[in-house]
Amino acid sequence: MRRVSLALVLIVLSGCSLDFGSPRGATRQGRDIFGLWQGSMIVALLVAGLVWGLILFAILRYRRRNDDLPTQTQYILKIELLYTIVPVVIVAVLFAFSWRTQTEVDALARDPAVTIDVKGFQWQWQFRYRDEDITVTGLPDKEPTMVLPVNRTVRLNLTSPDVIHSFYVPSFLFKRDVIPGVTNKVDITVRDKGTYTGKCAEFCGLDHTNMNFAVKAVSFDDYRSWVAERQSERSEPTQ
């Protein structure tokens, strides 16, 4: 019986992944969040396994054997203290890790490599690269693309002139509200090159579903080439 149970456990575990259904995140901040999720799930599974194991043990070990009433035991202070203290310790540890992760994710660098003023408006996005003097604005029939260098800290200043929007990039494990009259400042550091889909995650009116954008993460050299190209296009005389 034990061998059969062990085989079943191994079969179940062979189909599992330590990702627990979550992407790992393409940014440093996203990977911090993923690490917290991963650790929380592992703790949850361990606690669940312990509880299920104790329940199964009690069912098998103390099942009724034609007794009118099982032996009753109460006021075991040590056990009562144990099952009171252990959950408190688990919650306290998870809270401490959550606080540390949130602090790291929300931390702002003193001197970010790139600063972008992100404006969400009905119903598109505008990205203004402050130091490079480049502005990318989405159109009803053309979504904007935010180009970022990998492994560089990028500051996003999120604002809105009309209603509440939400800047959301699923692959970054990142979402932040864009609120009128409030500037939300966040730092992101993209680790993986690629093109990622972004969208507004807060219903903001009739064409809410059209508020999509792309984030293209490139090497720093490619980013500088893109900046130079955009600046040269702006400086060329109008024909």
Side-chain angles (χ1 to χ4, degrees), residues 1-109 153 156 158 164 166-179 182 184-192 201-203:
M1 183 64 181
R2 291 181 179 179
R3 292 181 179 179
V4 173
S5 300
L6 180 60
L8 290 174
V9 170
L10 291 176
I11 291 173
V12 172
L13 291 178
S14 65
C16 295
S17 168
L18 289 180
D19 291 354
F20 300 111
S22 171
R24 290 181 174 269
T27 65
R28 179 185 64 79
Q29 293 80 4
R31 289 175 183 175
D32 288 342
I33 295 172
F34 172 78
L36 177 64
W37 160 258
Q38 191 177 45
S40 299
M41 287 299 298
I42 291 174
V43 171
L45 290 175
L46 291 176
V47 172
L50 175 61
V51 172
W52 294 337
L54 291 175
I55 291 174
L56 183 62
F57 171 77
I59 291 174
L60 297 178
R61 175 66 177 81
Y62 298 104
R63 64 188 184 277
R64 185 170 180 177
R65 297 185 179 85
N66 299 320
D67 297 330
D68 292 335
L69 185 67
T71 302
Q72 302 297 299
T73 304
Q74 58 183 342
Y75 303 123
I76 305 179
L77 185 59
K78 292 182 179 179
I79 294 180
E80 293 178 0
L81 286 174
L82 180 65
Y83 66 62
T84 300
I85 293 174
V86 169
V88 171
V89 171
I90 293 174
V91 171
V93 171
L94 290 176
F95 174 82
F97 278 103
S98 299
W99 178 83
R100 188 187 69 174
T101 300
Q102 181 175 336
T103 300
E104 293 176 351
V105 169
D106 290 339
L108 297 177
T153 301
L156 302 180
L158 306 172
I164 297 177
S166 185
F167 185 90
Y168 179 40
V169 184
S171 296
F172 291 178
L173 303 183
F174 172 80
K175 180 173 68 174
R176 189 63 57 93
D177 283 347
V178 185
I179 305 172
V182 176
N184 278 331
K185 297 182 179 182
V186 294
D187 284 354
I188 59 173
T189 306
V190 185
R191 294 302 191 197
D192 300 327
E202 181 80 25
F203 181 73

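The shown structure was predicted, so the numbers you read here are calculated from the model rather than taken from an experiment.
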Under 3.5 Å, side-chain donor or acceptor atoms of residues 80-91 against the rest of the protein: list the pairs with distances, not counting sequence neighbours.
| residue | atom | partner | partner atom | Å |
| --- | --- | --- | --- | --- |
| Thr84 | OG1 | Glu80 | O | 2.8 |

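Here Phe97 pairs with nothing under the ring pair (Phe, Tyr, Trp, His ring centres under 6.0 Å) rule; sequence neighbours left out. Contacts of Arg100 classified as side chain to side chain donor-acceptor pair (under 3.5 Å), with partners at least two apart in sequence or in another chain: none. For the side chain to side chain donor-acceptor pair (under 3.5 Å) test, residues two or more places apart in sequence or in another chain that qualify with Asp106 are Arg176.
Counting only residues at least two apart or in different chains, salt bridge (charged side-chain N to carboxylate O under 4.0 Å, His left out) contacts with residues 36-51 are absent. Sorted by first and then second residue, the salt bridge (charged side-chain N to carboxylate O under 4.0 Å, His left out) pairs with a member in residues 28-40 read Arg28-Asp32, Arg31-Asp192; sequence neighbours excluded.
Closest approach of Ser166 and Asp177 over heavy atoms only: OG-OD1, 3.5 Å. Heavy-atom minimum distance, Ala109 versus Asp187: N-OD2, 2.6 Å. Taking all atoms of both residues into account, the shortest heavy-atom contact from Phe167 to Val178 is N-CG2, 3.8 Å.
Using a 4.5 Å cut-off on side-chain heavy atoms (C-beta onward), Leu173 and Trp37 make no contact. Put simply, the side chain of Thr189 does not reach to within 4.5 Å of the side chain of Thr27, judged on heavy atoms.
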Exercise. Leu54 and Leu50: side chain to side chain contact (heavy atoms under 4.5 Å, CB included), yes or no, with the steps?
Worked result: CA-CA 6 Å; Leu54 291 175; Leu50 175 61; 4.2 Å; yes
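Taken from CG in Leu45 to CH2 in Trp52, the straight-line distance is 7.5 Å, to the nearest 0.5 Å. With values rounded to the nearest 0.5 angstrom, Ile33 atom CD1 is found 9.5 Å from Gln102 atom CD.
No donor-acceptor pair closer than 3.5 Å links the side chain of Glu104 to the backbone N or O of Gln29.
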